[in-house]
Each structure stands twice: as structure tokens, then as C-alpha cells.
K.L.:
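Please see the structure below; I have some questions.
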Amino acid sequence: MNVRPGHLPRNEQRSDYRPLSIADKKRLLHEMLFARRFEERCYEAYVERKIGGFLHLYSGQEACAYGVLEAARPGHDYVITGYRDHIHAIKCGSDPKAVMAELYGKESGVSRGRGGSMHIFDVPVRFMGGYALVGGPFPLAAGIAKGIKMKGGDEISICFLGDAANNQGTFHEALNIAKVWELPVLFVCENNLYGIGTRINRSTAVMEQYKRAAAYDIPAAQADGQDIEAVHKAASVAVDRVRSGKGPYFLELKTYRYRGHSMSDSNAYRSKDEEKQWLKRDPINILRNRLVDDKALSLDDFKAMDREIIDQIENEIIKFAEDSPLPVASDVEKYVLADGDPWVFPGRKG
Ligand SMILES: Cc1ncc(C[n+]2csc(CCOP(=O)(O)OP(=O)(O)O)c2C)c(N)n1
Ligand SMILES: [Mg+2]
């Protein structure tokens with residue numbers, strides 16, 4: 001397992017680490033396969049023009065969100081990310097039907113159809129949003145962590161962002177103040193090697209992202225983002241450290257996205273050979289093969305799981321999104337500004 005400790009002192013590795021059980025791994029395989037099928041169905045719905053606006057898919061990167069959040073407490077900890085956000089919200093506990101309905105621009109969507117793909121937002125499960133502005137969530141994650149510290153809770157703030165986001169000024173501002181104030185925030189860098197069509201070596205002086213946290217004296221680690229067990233192990237150290245009040249932490253996950261940056265990206269800048277090499281390290285196949293090798297799963301079980309997921313997505317999730325009403329035109333000025341408590345989305349309980 002490829003877990004590199006960065007400048008984290010070795011004696012701070014977790015001694016009480018509980019590896020994922022067979023039952024955990026089977027559930028996570030189901031969750032990651034669900035995520036893959038959900039995203040691929042979004043692709044189709046976009047081509048059919050059922051989904052409009054921008055659409056950024058997460059296929060290939062599933063082990064990052066599932067591995068980290070499995071080590072955290074989804075629904076209790078606050079999570080924030082960029083525009084590639086559907087799956088993080090679902091792992092936090094958002095109803096996949098309401099996420100799909102949001103992509104369809106329907107009133108039953110998590111953001112009442114006003115946000116669309118890049119702006120999934122679900123306060124009751126503490127998913128604090130997807131954001132279109134690259135690097136925008138860094139200071140928001142630090143602010144949430146400051147709020148947690150002031151209120152005295154045991155929650156942590158988790159910020160997932162891409163490699164290119166680390167070149168924004170907000171990265172440096174947020175890491176600096178997070179360290180000065182020893183905030184309970186975990187920064188997770190999903191390093192998929194590209195910022196739209198620009199490869200990391202053309203834009204970034206320090207390519208191993210975990211090293212950049214050293215500039216702010218923040219402990220950091222790097223893990224294989226295609227191997228959910230490696231992600232879970234590294235994230236367990238990170239989450240435990242942040243939750244125990246030792247301040248911020250930075251975790252870099254090496255990963256790859258299979259689709260273009262967004263639906264409007266022809267993906268012409270990557271070599272077929274590079275794509276093929278990464279496909280060999282598919283996070284779902286890696287976990288499935290381990291379970292098969294352990295005789296905990298047969299390939300027929302896997303196929304049945306896949307069929308059941310495809311049916312569920314079609315018959316429950318897509319159907320719900322298709323059948324839901326669009327927002328009415330007279331409500332166009334509603335929900336532009338929050339009424340009352342800004343932590344509660346208007347019109348929703350929680
Ligand atoms: C402030 C800002 N600048 C530029 C853009 C255009 N933009 C959208 S995504 C992106 C690349 C981000 O790449 P990365 O952070 O690696 O995330 P990934 O898409 O790979 O998940 C850019 C430059 C933007 N949305 N916001
Ligand atoms: Mg990237």
C-alpha cells in the first residue's frame with residue numbers, strides 16, 4: 001500500500017487503525033459502482049439534453065471521496081468541494097434522487113433546481129456545497145472550521161479540491177490562517193494531473209502536492225487515490241489527528257478522471273496510452289478483484305449487483321427527476337438570498 005508520510009513524524013501514525021472489514025469492502029464496492037453508474041447515466045442524460053449547463057463527472061476518482069469519508073463521519077462532519085460534486089454529496093447522505101433532480105433543474109432538487117450540477121448544496125447532511133470558482137472553497141472550509149472551534153463541537157471541516165486549485169491565492173491564504181489558528185480542517189487534494197487541458201507539469205512548480213503544505217507547517221501525506229484501502233488508511237490518520245484538536249492536515253490522493261474535464265471538453269490533450277495505463281488501475285476493479293481473490297465475492301455476484309444498481313438508477317432516480325415539476329416562473333426571485341438563519345436552507349427543515 002502506497003502511503004507516504006510527508007513530513008508527518010512516523011510516531012504519529014495510528015496504532016489503533018481498524019482496517020476495512022470484508023462487509024465494509026463489499027458495501028464500498030456497491031457504493032463506488034453506484035457512483036460510476038450514476039455519473040455515466042448523467043452523461044447520457046446530458047447528451048439527451050435532459051441536463052443543461054455545465055457537467056463535470058467523477059468517474060475514475062471514486063475511491064477518493066468514498067475512502068476519505070468512510071474514515072470520517074459523513075452527515076456530522078462538514079464537507080465542501082468544487083464543481084465535481086455529485087458523489088461527495090451522496091456519500092454525505094444527500095438523496096441521489098434529489099441530486100439527479102437538481103441536475104435536471106427540477107423543484108425537487110437539493111438546491112430546488114436553482115443550482116444545477118456545480119451547486120449541489122445540502123445543509124441537513126452538512127454538505128456545504130459544490131462551487132464553480134476554482135479555489136473558492138479553501139477559505140470557506142477554514143471559516144467553517146473556525147465556526148466549529150468557536151462552538152466547541154467535535155466535527156471537522158473537510159475540503160476536497162483539485163490539483164490546479166492549489167495554484168490559487170486562496171490556497172495559500174487558507175492554509176496559512178488554518179495553521180495560525182490551528183483549525184480543525186482537512187484539506188484533501190484530488191490530484192488527477194490536469195486542470196482542464198493543462199497537465200500539472202506545465203502549470204505547477206512543485207508537482208507532489210503534499211509537499212506544498214510544508215510551507216505552512218501543516219502535516220501532510222500522499223496516498224494512492226485508486227486504492228480505497230490506501231485512501232482509508234491515510235485518511236484515518238488525518239481525520240483522527242484533526243478531530244483530536246491538533247490543527248489542520250493535508251492529504252494528497254493520486255488519481256485520474258476518465259472523462260473530459262466537463263461535457264464540453266473533447267479530451268484531446270491526453271494520450272490514449274496514458275488513459276490505458278490508468279484504466280488498469282480502476283478503483284472499482286481493484287476492490288472487486290481483492291474481494292474475488294478473498295473468495296468473498298464471485299463475478300456473478302458482481303454482475304448481479306451491477307444490474308440491480310442500473311435498474312435502481314433508471315426506475316427510481318431518473319424516473320423521479322423526469323416526473324418532478326420544474327420551478328414555477330413566479331418564484332424566480334425566491335431563494336436568491338437566505339431568510340433568517342443562514343445555516344438553514346430556506347423552506348427546508350434542519
Ligand atoms: C477562479 C477560477 N478560475 C478559473 C476557472 C476555470 N476553471 C474551471 S475548472 C479549472 C481547472 C481546475 O482543475 P483542478 O483544480 O485540478 O480540478 P479538476 O477539474 O481536475 O477536478 C479551471 C481553470 C474557474 N472556474 N474559476
Ligand atoms: Mg485536476
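All heavy atoms count here, side chains included; hydrogens, waters and symmetry mates do not. Ligands are counted one by one from 1 in listed order, and the atoms in each one are counted from 1 as well. Source: prediction; values computed, not measured.
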K.L.:
To check your reading of the model: name the closest protein heavy atom to atom 5 (C) of ligand 1, its residue, and the distance in Å.
P.N.:
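Going atom by atom, the protein heavy atom closest to atom 5 (C) of ligand 1 ends up being V134 CG2, 3.8 Å.
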
K.L.:
With a cutoff of 4.0 Å, is Q168 in contact with ligand 1, counting heavy atoms of the residue only?
P.N.:
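Flag set, Q168 near ligand 1.
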
K.L.:
Considering only heavy atoms of A164, which atoms of ligand 1 have at least one such atom less than 4.0 Å away?
P.N.:
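Once the distances to A164 are compared, the set is 12 (C), 13 (O), 14 (P), 15 (O), 16 (O).
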
K.L.:
Where the closest heavy atom to atom 20 (O) of ligand 1 is concerned, which of L161, N166, N192 has it?
P.N.:
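Selected option, by shortest heavy-atom distance: N192.
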
K.L.:
Closest non-hydrogen protein atom to atom 21 (O) of ligand 1, residue and atom name please, with distance?
P.N.:
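In this structure, atom 21 (O) of ligand 1 has R84 NE, 3.0 Å as its nearest protein heavy atom.
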
K.L.:
My understanding is that only one of Q61, R257, Q209 makes a side chain to side chain donor-acceptor pair (under 3.5 Å) with E190; could you say which?
P.N.:
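With E190 as partner, Q61, R257, Q209 yield a single side chain to side chain donor-acceptor pair (under 3.5 Å), made by Q61.
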
K.L.:
What protein heavy atom sits nearest atom 25 (N) of ligand 1, and how far off is it?
P.N.:
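Of every protein heavy atom, A132 O, 3.0 Å lies nearest to atom 25 (N) of ligand 1.
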
K.L.:
Tell me the protein heavy atom at minimum distance from atom 17 (O) of ligand 1, and give that distance in Å.
P.N.:
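Nearest neighbour among protein heavy atoms for atom 17 (O) of ligand 1, to 0.1 Å: Y83 OH, 3.1 Å.
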
K.L.:
Can you list the ligand 1 atoms lying under 4.0 Å from a non-hydrogen atom of H261?
P.N.:
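In order of number, 9 (S), 19 (O).
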
K.L.:
Is the NZ or CZ atom of K149 both under 6.0 Å from the centre of the six-membered ring of W181 and within 45° of that ring's axis?
P.N.:
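So K149 doesn't make the cation-pi contact.
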
K.L.:
Nearest 10°: the angle subtended at the Mg ion (ligand 2) by Y194 O and D163 OD1?
P.N.:
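Here the angle at the metal atom is close to 120°, to 10°.
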
K.L.:
Any cation-pi pair here, R281 with Y256, using under 6.0 Å and within 45°?
P.N.:
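No, R281 does not sit over the ring of Y256.
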
K.L.:
Short list, please: which atoms of ligand 1 are under 4.0 Å from a heavy atom of L133?
P.N.:
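Near L133, meaning under 4.0 Å from one of its heavy atoms, ligand 1 has 26 (N).
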
K.L.:
Can you check whether H232 and Y17 have ring centres sitting under 6.0 Å from each other?
P.N.:
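Yes, close enough.
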
K.L.:
Which of the atoms of ligand 1 are close to A165, meaning less than 4.0 Å from one of its heavy atoms?
P.N.:
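In order of numbering, the contacting atoms are 15 (O).
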
K.L.:
Taking distance alone, with no angle check, do I196 and ligand 1 share an N/O pair under 3.5 Å?
P.N.:
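N/O-N/O distance under 3.5 Å: no.
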
K.L.:
Exactly one of R84, H56, H86, E102 should register a side chain to side chain donor-acceptor pair (under 3.5 Å) with S117. Which one does?
P.N.:
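By the side chain to side chain donor-acceptor pair (under 3.5 Å) criterion, S117 pairs with just one of R84, H56, H86, E102: H86.
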
